[in-house]
Amino acid sequence: MALPTNPEIAADLELLGALLELDGAVRHRVLAYRRGAARIRATGESVAELAMAGTAVELPDIGSTLQDKIVERATTGSIAALEKAKKAVPEGLVSIAASPGLGPKRALAVWREAGATTVGEVRSLAGEGRLREVTGIGPALERGVLDALNAPTAGEDERISLGRALPVAEDLARGIAETGARVELAGSLRRGADTCHDLDIVVATDRPEGVVSALAAQPAVAGEVSHSDVRAGAPTQLGVPVELLMGPPSRFGNLWQHATGSKAHNVRLRERALARGLSMSEHGVDGPGGLVEHADEEGVYAALGLAWIPPELREDVGEIALAETGDLPELVGVADLRGELHAHTDWSDGTDTIEAMAAAAAERGYEYLAISDHSASLSMAGGLDPARVREQWRAIERAQQKVEIRLLRATEVDILADGSLDHPDELLAEFDWVTASVHSSFRASRERMTRRLIAAIEHPLVDAIGHPTGRMLGRRPHADIDLPAVLDAAARTGTRLEINGQPRRRDLDDAMARQALAAGAGLVVGSDAHAADSLDFARYGIATARRAGATAADIANTRPWGELAAARKARAARS
DNA sequence: GCCGTTTTCGGCCCGACTGTTTTCAGTCG
């Protein structure tokens with residue numbers, strides 16, 4: 001029997017926690033299940049395997065009880081405690097409790113007093129005006145529940161990619177900054193997460209009224225602004241709301257830190273504060289000497305005996321321990337990039353010419369640009385056959401005469417279903433840089449997909465694997481692969497794994513890239529640009545790399561081309 | 001249920017906001 005995956009285990013434990021909560025379990029026991037589930041979700045290795053070996057308890061938030069339950073799930077296929085909890089409380093209450101405005105307490109009351117066990121029944125009750133008869137629910141909540149359940153996106157957690165959110169949020173911030181206030185992005189935007197469900201912005205101001213009217217005047221704002229003295233919110237054209245947090249400059253550091261999160265990171269910090277006889281919030285750090293305000297974040301972290309932590313690492317993935325000992329990595333930045341190794345032109349499915357791409361890359365300060373169009377089997381993308389490739393090389397040569405930036409003969413060659421490549425070896429040998437990618441048969445079995453990738457990784461003429469798992473945010477999950485085996489092959493052969501920066505890909509993702517680093521596999525950040533502007537997608541790849549804890553030394557295209565070329569030559573000589 | 005520069009037992013994050021209540025619980029981030 002196949003072992004349960006981490007998401008499967010996490011889902012079971014989350015459900016168990018939710019049912020226990022409804023059943024009146026002690027708050028912190030519920031929290032322990034949630035934390036354990038979150039930890040399992042964020043862990044790269046198979047937690048089922050760890051639990052079977054008895055080492056899952058070495059993970060934070062996993063104790064012997066949870067480990068036993070994971071083993072039980074892995075060996076018997078179910079967890080007795082979960083089955084028991086389902087008998088004590090109807091499972092549908094979990095969904096009811098997740099409805100906006102309702103929570104565990106009200107969900108329980110809805111069941112006990114009105115007999116509803118499904119969201120549909122709650123909607124009917126609300127429609128008939130009978131939900132208000134339940135203790136703790138009045139007309140206003142009933143209305144809110146009904147509206148939320150009838151909304152077109154009901155039940156879905158509306159999230160948009162960082163690539164859609166960031167440009168709009170930056171415009172909003174610039175617009176509001178015209179009031180003279182200091183304006184910064186916060187929340188998942190600042191942490192560089194894959195997606196966000198709102199645009200968190202913080203403002204240092206003593207005049208909230210002016211900021212609120214500036215917000216209302218922004219073109220991206222698409223409705224009424226609601227506000228208090230410390231907060232303002234409004235819907236935007238993006239479909240997700242903007243949320244402004246305001247506070248005086250004297251404690252801007254506290255506010256910015258608070259609003260940046262993540263929640264798990266902040267909880268850890270507050271626990272740490274408590275252990276030191278302090279209490280922290282967005283208002284400052286409270287202690288025996290009274291409340292201390294911090295104008296910058298460095299002060300907040302210093303008050304807890306910590307070095308300042310880069311936002312991308314604030315996910316409770318061990319960053320606090322590193323900040324305590326001063327061992328935080330010097331994260332790679334966009335400015336470290338010296339070149340782009342994955343970009344398309346109008347020779348295949350890109351929209352811009354070789355010359356236009358070269359100019360845009362030069363504008364970004366790059367020293368080299370790989371012209372890496374698709375290979376023939378990707379016919380709908382206008383992939384090039386060997387004859388067209390040679391033709392393109394002549395065009396690259398002509399373009400090179402006109403530009404300073406070093407243009408590389410490159411390809412994004414398809415990895416075919418059997419693991420072979422879509423160009424003959426004689427041709428591959430003449431490229432400066434070869435990226436190999438999967439573009440088809442994503443649903444192949446785990447074994448087959450893994451074999452396919454490893455075959456490409458072991459090919460002596462392949463420099464990098466493009467978007468290694470093929471996931472598309474909101475559309476297609478990661479291909480089912482044996483990641484440790486793939487990482488091992490990459491580390492062994494020196495073939496780089498791409499962090500693809502396209503906002504909908506972000507592939508490898510942060511957790512996988514972190515694992516890749518731990519396994520000793522090399523990485524490359526690629527924009528996968530199909531137009532000159534999209535060379536900027538490299539910033540999202542960098543965000544993922546930073547979340548993985550990568551330094552400049554970990555990323556191939558922070559090196560000068562001469563160094564990469566020499567390393568390739570040495571590798572070819574070995575094989 | 002987890003965990004330890006107070007602890008192997010007794011703790012466990014903080015504040016804003018809303019709508020429900022008769023002085024505050026529940027929810028949310």
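Numbers restart at 1 for each chain; the letters A, B, ... are given by sequence-line order, proteins then strands. Just the heavy atoms: all of them, side chains too, but no hydrogens, waters or symmetry mates, feed the values below. Predicted, not measured: the structure shown is a model, and the values here were computed from it.
Judged by distance alone, the side chain of A/S99 and the main-chain N or O of A/L102 form no donor-acceptor pair under 3.5 Å.
Out of B/dT20, B/dA16, B/dC13, the shortest distance to the side chain of A/E271 is found at B/dC13. When each of B/dC12, B/dT20, B/dC2 is scored by its nearest atom to the side-chain atoms of A/A32, the top-ranked nucleotide is B/dC2. In this structure, the nucleotide among B/dG15, B/dG26, B/dC13 sitting nearest to the side chain of A/K105 is B/dG26.
Atom name C1', nucleotides B/dC2 and B/dT8: the rounded distance is 12 Å, in whole Å. Nucleotides B/dC13 and B/dT5 have their P atoms positioned 16 Å apart, rounded to a whole Å. As rounded to the nearest Å, B/dT6 and B/dC12 have P atoms that lie 14 Å from one another. For B/dC17 and B/dC9, the C1' atoms lie 36 Å apart once the distance is rounded to whole Å. For the C1' atoms, the distance linking B/dA16 with B/dG10 amounts to 30 Å, nearest Å. Rounded to the nearest Å, the gap between the C1' atom of B/dT20 and that of B/dG26 is 9 Å. Comparing the C1' positions of B/dT27 and B/dT21 gives a spacing of 16 Å, expressed to the nearest Å.
When only modelled atom types and interatomic distance are considered, A/Q257 and A/Y301 share a side-chain donor-acceptor pair under 3.5 Å. In this structure, a donor-acceptor pair under 3.5 Å is present between the side chains of A/H265 and A/E319.
At B/dC17, one or more side-chain N or O atoms of A/S228 fall inside 4.0 Å of OP1 or OP2 (strictly under the cut-off).
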Atom pairs, protein N/O to nucleotides 6-8 of chain B N/O, distance under 3.5 Å:
residue : atom : partner : partner atom : Å
B/dT6   : OP1  : A/A275  : O            : 3.4

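A straight line from CG of A/D316 to P of B/dC3 spans 11 Å, rounded to a whole angstrom.
Nearest-nucleotide positions on DNA chain B place A/G63 closer to the 5' end than the other of A/G63 and A/H227.
Figure legend. B/dC17 is base-paired to B/dG26; pairs are counted as Watson-Crick or G-U wobble with both atom distances under 3.5 Å.
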